[in-house]
Amino acid sequence: NESSVEDLFLSRDLISKLNVSLCYALVKCLLHILGSRNTLSILLAITYYLFCKFHVKLFHSIIHFQEVPPDNEFEKRIRPEVILANEIDVTFSDIGALDETKESLQELVMLPLRRPDLFTGGLLKPCRGILLFGPPGTGKTMLAKAIAKEAGASFINVSMSTITSKWFGEDEKNVRALFTLAAKVSPTIIFVDEVDSMLGQRTRVGEHEAMRKIKNEFMTHWDGLLTKQGERILVLAATNRPFDLDEAIIRRFERRYLY
């Protein structure tokens, strides 16, 4: 939940004590094996050692989780938009046909999110943006939910009401919070439905300056100077007006699927 990072705390001193306990369990296990001919005693000693080893690894992973800083005020605003994978009830089996598309998404989305170690050598680069476009009612949003479910990723549904504010400068801070929160709950799929309304062309007549700043901030964190290597974040968008998107936005959608 939201307060899990703040409520739990395990010190480095505790981890060192657990490591000492693990060494003690290993010594005790060896002494039992060398000094006892009773099969049951040997099995109990080995079980005790494996039990201690498992819990030390578990506590190490919790410590790693604790190092994530708590949510700031802007991340707390976006936190209700996060949908965990186990809360999504749509899978690929619920979507008829589209076999080639689903197979392609398995390689582009599921593999990088589940096995990021395969994309750290420099030759392979995970896809950071996928665009689904086509007429209304063709199942683009449903497919986006199925992608998050099958990938076991957190799902953040983004709309204009999520990131806009009446206060000057807070729009950009909300966009930054969107990506920092996505990094905390990664692997994460940021889904923008009707993306043309939020990331449309910057040359539109009469467009407010605030909208341009939102687009610039979004692109900077998505694929720019502030992008961090190794973050398992995918921007997935759907639209029925792809030609209204800004050229820089279209470039960042490395894969585009027509329905």
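When reading the values below, keep in mind they use all heavy atoms of this one structure, side chains included, and skip hydrogens, waters and symmetry mates.
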I want to check something: taking the side chain as every heavy atom from C-beta on, are [X] and [Y] in contact at a cut-off of under 4.5 Å?
X    : Y    : value
V158 : M198 : yes
I214 : E172 : no
L178 : I190 : yes
M142 : D94  : yes
I88  : F155 : yes
L199 : F218 : yes

Value rounded to 0.5 Å, distance of [atom1] in [X] from [atom2] in [Y]:
X    : Y    : atom1 : atom2 : result
I233 : L181 : CD1   : CG    : 9.5 Å
K173 : E73  : NZ    : CD    : 7.5 Å
I147 : I130 : CD1   : CD1   : 6.0 Å
S161 : E81  : OG    : CD    : 6.5 Å
Q201 : L245 : CD    : CG    : 8.0 Å
D244 : F133 : CG    : CZ    : 13.0 Å

Next on the checklist: Does the plane of the ring in F179 sit parallel, tilted or perpendicular to the ring in H221? Use 30° and 60° as the thresholds.
Outcome noted: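 Geometry flag for H221 against F179: parallel rings.
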
Item to check | Presence of salt bridge, R77 and E170, under 4.0 angstrom | outcome: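 A salt bridge is present here (some side-chain N lies under 4.0 Å from a carboxylate O).
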
Next on the checklist: With a 4.0 Å cut-off on N to O distance, would you call K184 and E75 a salt bridge?
Outcome noted: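 Result for this pair is yes, salt bridge flagged.
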
Checklist entry - side chain to side chain contact (heavy atoms under 4.5 Å, CB included) between I156 and I83: does it pass, once the steps are laid out? => result CA-CA 6 Å; I156 303 181; I83 304 174; over 6 Å; no

Item to check | Stepwise side chain to side chain contact (heavy atoms under 4.5 Å, CB included) check, L236 with L131 | outcome: CA-CA 6 Å; L236 182 65; L131 177 65; over 6 Å; no

Any donor-acceptor N or O pair under 3.5 Å, side chains [X], [Y]:
X    : Y    : result
T141 : D193 : yes
T188 : S186 : no
T164 : D171 : no

Could you tell me whether [X] atom [atom1] has more than 12 heavy atoms of other residues or ligands within 6.0 Å of it?
X    : atom1 : value
K145 : NZ    : no
R256 : CZ    : yes
E103 : CD    : no

Shortest non-hydrogen contact from [X] toward [Y]:
X    : Y    : value
D246 : G200 : CB-O, 3.5 Å
F253 : A237 : CZ-CB, 3.5 Å
A146 : F92  : CB-CD2, 3.6 Å
G152 : P187 : O-CG, 4.1 Å
P136 : N240 : CG-ND2, 3.1 Å
L234 : G129 : CD1-N, 3.6 Å

Check for a donor-acceptor pair, side chain of [X] on one end and backbone N or O of [Y] on the other, with a separation under 3.5 Å.
X    : Y    : result
N174 : I163 : yes
K140 : P135 : yes
W222 : R128 : yes
R252 : A248 : yes

Checklist entry - Given R79 and V185, is the side chain to side chain contact (heavy atoms under 4.5 Å, CB included) satisfied, shown in steps? => result CA-CA 10 Å; R79 175 71 71 166; V185 299; 3.5 Å; yes

Item to check | Single-linkage hydrophobic cluster, 4.5 Å side-chain cutoff, I78 and F74 together | outcome: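 Unlinked, I78 and F74 end up in two clusters.
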
Next on the checklist: Please determine whether side chain to side chain contact (heavy atoms under 4.5 Å, CB included) holds for the pair E217 and R212, giving the CA-CA distance in whole Å, both sets of side-chain angles, and the decisive distance to 0.1 Å.
Outcome noted: CA-CA 9 Å; E217 189 75 16; R212 178 170 297 185; over 6 Å; no

